[in-house]
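Worksheet: one structure, shown below.
If you're wondering where the values come from, they're calculated on a predicted model, not measured in any experiment. Every heavy atom of this structure was used, including side-chain atoms; hydrogens, water molecules and symmetry mates were not.
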Amino acid sequence: MSSVVPNLLRILFVEDNDYVRETMELLLESPSREVVCCASGEAALAAFEACPFDVLITDVSLGVGMSGMDLARAVLRLDPQAWVVVSSGYSFDHGLAELGPHVRSMPKPIDVDQLDTLLDEVRHSKV
């Protein structure tokens with residue numbers, strides 16, 4: 001018997017800060033969500049290429065290597081309709097609409113209620 005959850009929302013969360021990444025993983029977990037966390041843009045892109053996700057949530061600044069914006073652009077090249085949320089400690093809305101119809105920004109620290117509302121929007125768009 002299969003254990004597939006109907007309408008399972010697959011979330012790729014990318015954050016280079018271990019504490020923030022682990023905390024957000026706990027906050028995002030639910031029976032209707034599959035959460036995969038990565039510490040780098042390169043690891044996240046490899047995960048997305050292997051099996052696309054319903055939504056990418058990434059910090060803008062990821063330390064060494066690929067930035068969150070580089071990752072967002074790479075994911076959007078693979079899937080122009082992808083849902084992407086970029087998060088930053090700074091106000092960050094300018095130019096996001098040009099990236100795609102489902103690209104949003106969310107200030108840090110992330111408001112979990114606001115994120116849950118956005119994830120509901122993503123889920124309803126997939127139905």
Does Leu12 reach the side chain of Val14, with side-chain heavy atoms less than 4.5 Å apart? yes
Partners of Ser61 by side chain to side chain donor-acceptor pair (under 3.5 Å), sequence neighbours excluded? none
When Ile110, Ile57, Asn17, Val35 are each screened for side chain to side chain contact (heavy atoms under 4.5 Å, CB included) with Met24, the one that passes is Ile110
Quick one, Leu119 and Val55 - any side-chain contact, counting heavy atoms below 4.5 Å? yes
Residues that Asp79 engages under side chain to side chain donor-acceptor pair (under 3.5 Å), provided they are two or more places apart: none
Salt bridge (charged side-chain N to carboxylate O under 4.0 Å, His left out) pairs touching residues 37-61, sequence neighbours excluded, are Asp59-Lys108
Side chains of Val122 and Lys126, heavy atoms from C-beta outward: is any pair under 4.5 Å? yes
Under a 3.5 Å distance rule, please check whether Ser88 uses its side chain to pair with a backbone N or O of Val60 as donor and acceptor. no
All side chain to side chain donor-acceptor pair (under 3.5 Å) counterparts of Glu22, not counting sequence neighbours: none
Contacts of Asp111 meeting salt bridge (Lys or Arg N to Asp or Glu O under 4.0 Å) (sequence neighbours excluded), chain-then-number -> none
Run the side chain to side chain contact (heavy atoms under 4.5 Å, CB included) check on Leu78 and Phe48 step by step: do they pass? CA-CA 9 Å; Leu78 294 171; Phe48 194 92; 3.8 Å; yes
Compile the donor-acceptor pairs under 3.5 Å between side chains in residues 67-77 and protein atoms, sequence neighbours left out, one pair per line.
residue, atom, partner, partner atom, Å
Ser67, OG, Met69, N, 3.3
Ser67, OG, Asp70, N, 3.0
Ser67, OG, Asp70, OD2, 3.3
Asp70, OD2, Ser67, N, 3.4

Identify the heavy atoms of Cys51 and Arg10 that sit nearest to each other, and give their distance. O-NH1, 3.2 Å
With side chain to side chain contact (heavy atoms under 4.5 Å, CB included) as the test, pick out the partner of Leu27 among Leu115, Asp116, Val112. Val112
Contact list for residues 98-127, test ring-ring contact (aromatic ring centres under 6.0 Å, His included), sequence neighbours left out: Trp83-His102
Using a 4.5 Å cut-off on heavy atoms from C-beta on, say whether the side chain of Leu28 contacts that of Arg33. yes
When rounded to the nearest 0.5 Å, the distance separating CD of Glu15 from OG1 of Thr23 is 10.0 Å
Mind checking what makes salt bridge (Lys or Arg N to Asp or Glu O under 4.0 Å) contact with Glu121, not counting sequence neighbours? Arg104
Restricting to salt bridge (Lys or Arg N to Asp or Glu O under 4.0 Å), what partner residues turn up for Asp18, sequence neighbours left out? Arg21
Quick one, Met66 and Ser40 - any side-chain contact, counting heavy atoms below 4.5 Å? no
Do Arg123 side-chain atoms and Leu118 backbone N/O form a donor-acceptor pair below 3.5 Å? no
Answer yes or no: is there a side-chain heavy-atom contact under 4.5 Å between Ile11 and Phe53? no
